[in-house]
Every structure is written in structure tokens, then in C-alpha cells.
There are 2 protein chains.
Amino acid sequence: MVHQQVLDKAFAALSDSTRRDILTRLGSGPATITELAEPFGITLTGIKKHVQVLEEAGLVTTEKIGRSRQCRLGTERLDDAMQWITFYQRLWERRLDGLDAYFTLRKGTES
Amino acid sequence: MVHQQVLDKAFAALSDSTRRDILTRLGSGPATITELAEPFGITLTGIKKHVQVLEEAGLVTTEKIGRSRQCRLGTERLDDAMQWITFYQRLWERRLDGLDAYFTLRKGTES
DNA sequence: TTGCTGGTGAACCATGTGGTTCAGTATACG
DNA sequence: CGTATACTGAACCACATGGTTCACCAGCAA
């Protein structure tokens, strides 16, 4: 299992829709801070902070080129998040198969 | 694609290691607030708040039985989170296959 | 050199979060 | 009945977060 802090940052980074949008945007190729800022109504400084959060979470990597900063996707941390969710889903499924399978029945009869 | 608010809450709920531990704990069967509180060094009120966050995120469901509250796992929202991550991973993979595949080369040559 | 452009950092603000304490309320037990 | 138990709610605290403004610095262009 992955280090807790890594998951903390990854999930926290993903918990903001602006940041998820940034990731989606970067999915179609690298972009600068100003390019990222345009679609949202917020300042450069604001976007810069978001990118920084994403970078510290390992979800994007950035590189200063001339006077602009290229941002592109990173992916390792996302795999960590996925891995935890998968693990947790197994827990859930195993629980259903186990002793208290009667919960499945109850679920079926609830209003 | 799922509603943004749903994802916000799900990811935010998952971004705390105490809450992830609670989910893991619930993986081995339902538990009351006091039972959940024991392993962590925090107060009942503290745990109650965490459970509330998890419940609002749709990750657990609770039911008041007598003077105690039974908490057990919910799962729909986790599927939503999983779904988004999967979608995002596809984005990433598609990007690698696309125009700027040269990034893969660069990645290999970075220090 | 002068000046525009893209990005940064510091300071500030309102709100949210993770935790506490303390004073209830409701149920079980004897 | 009285009392212990399990939780709940309000109020408070320190600190993080998402955003702003403003001043500034580094490159590029004329």
C-alpha cells in the first residue's frame, strides 16, 4: 500500500473541479499558465496555485521555458489513487460475499 | 460524466487518511461510532464528523439503532471516482500515442 | 534602452476543515 | 425510579484553501 501522504495529496488535488478541468485540458497537450487560465474566470496567480498543488501531488510536471512555463501531465500518483480505490472496492465485494450477505437481501427489500 | 459536486465530495472525503482507515475498517463489517473511534486517538465527536463527511460523500450509510449508530459501506460514489480516474488515464494514454510522442523519448533521457 | 508580456511572491481575506470541550438528549439497565 | 452509556450539537480554535491585489522580475521586441 502506498504512503498515506501521497494519497492525501493526490485525492485532495482531485477534489477541486477547476483542477480536474486543468488535467482534462492538459490531456490534449501541454499548455502554459496563461493558456490554462483563459477558460476559467480566475487570475494567473490563482491558476499558478492550482498548478502548484497538482505538481506537488505528482499529477502534472512543469518546466520553465523562456518567460513562460510549460505544464504537462504526470501520471504515477493517479495510478496510486486508482490502486487504493481498487483495493477498497475488493474489500466491499469480499464483504458482500462473506458472513453478512444478508445485507444484500435487505438492500433489495428497502423502499 | 458525473456531476462535479459529487466528485468534489468523494475525492475530498478520500483525501484524509483517517477517513480512508474508517472505510477500510468498515470493510470487515459494520461498526458503531464508538467502535470506529477506538483505534484512533480522537474523540467521538471527531469521528462523528468524519463519518458525516463520508456519508455526505455517499461512501458510507448509517442507521440509528437504539442508542448507537451502525455505519456500513456505501459504494456508488466510489464507482464515480473510479470512473473519472479511468477516463483521465485514457486521456493520458491517448496523448502518448498522439502527436507529441516525443515526450516519451524525452522522459527516457531525463536525468 | 524602452517597454510590453508572462509569470512570481507576498500579503491579505473569507471560508472550510480537523480537532477539541462541554453541555445536552435519548436509550438501556437495574 | 435513577443512573450509566452512546451519541449529538454548539461553540470554539488553529490552520489550510481558494481566491484576490499589487509590486516586481525576466525575456523578448522595437
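Per chain, numbering begins at 1; letters A, B, ... match sequence-line order.
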Legend entry - Contact state string [nucleotides 9-21 of chain D, B base, S sugar-phosphate only, - no protein heavy atom under 4.0 Å]: BB-------SBBB

Legend entry - Interatomic distance where CZ belongs to Phe11(B) and C1' belongs to dT17(C) [whole Å]: 19 Å

Inset, instruction - Report yes or no: is there a donor-acceptor pair, N or O only, under 3.5 Å between the side chain of Arg67(A) and the base of dG6(C)? - result: no

Inset, instruction - Rounded to the nearest 0.5 Å, what's the gap from OG1 on Thr32(A) to NZ on Lys64(A)? Could you check? - result: 10.5 Å

Inset, instruction - Verify the contact: side-chain N or O of Lys64(A) to OP1 or OP2 of dG27(D), cut-off strictly under 4.0 Å; return yes or no. - result: no

Inset, instruction - Search all heavy atoms of Leu73(B) against all heavy atoms of Leu23(B) and return the closest pair with its distance. - result: CD2-O, 3.7 Å

Legend entry - Between dT8(D) (P) and Leu36(B) (CG): distance, integer Å: 12 Å

Legend entry - Main-chain N/O of Glu35(B) paired to Arg25(B) side chain as donor or acceptor, under 3.5 Å: yes

Inset, instruction - Could you tell me whether the side chain of Arg19(B) and the main chain of Leu14(B) form a donor-acceptor pair under 3.5 Å? - result: no

Legend entry - Sidechain-backbone polar pair: Thr24(B) side chain, Arg20(B) backbone, donor-acceptor under 3.5 Å: yes

Legend entry - Value in whole Å for how far the C1' atom of dT5(D) lies from CD of Glu35(B): 14 Å

Legend entry - Ile65(A) CD1 - dA26(D) C1' separation (whole Å): 15 Å

Legend entry - Note, Leu26(B) side chain near Cys71(B) side chain (heavy atom, < 4.5 Å): yes

Legend entry - dT8(C) phosphate, OP1 or OP2, under 4.0 Å from Arg69(A) side-chain N/O: yes

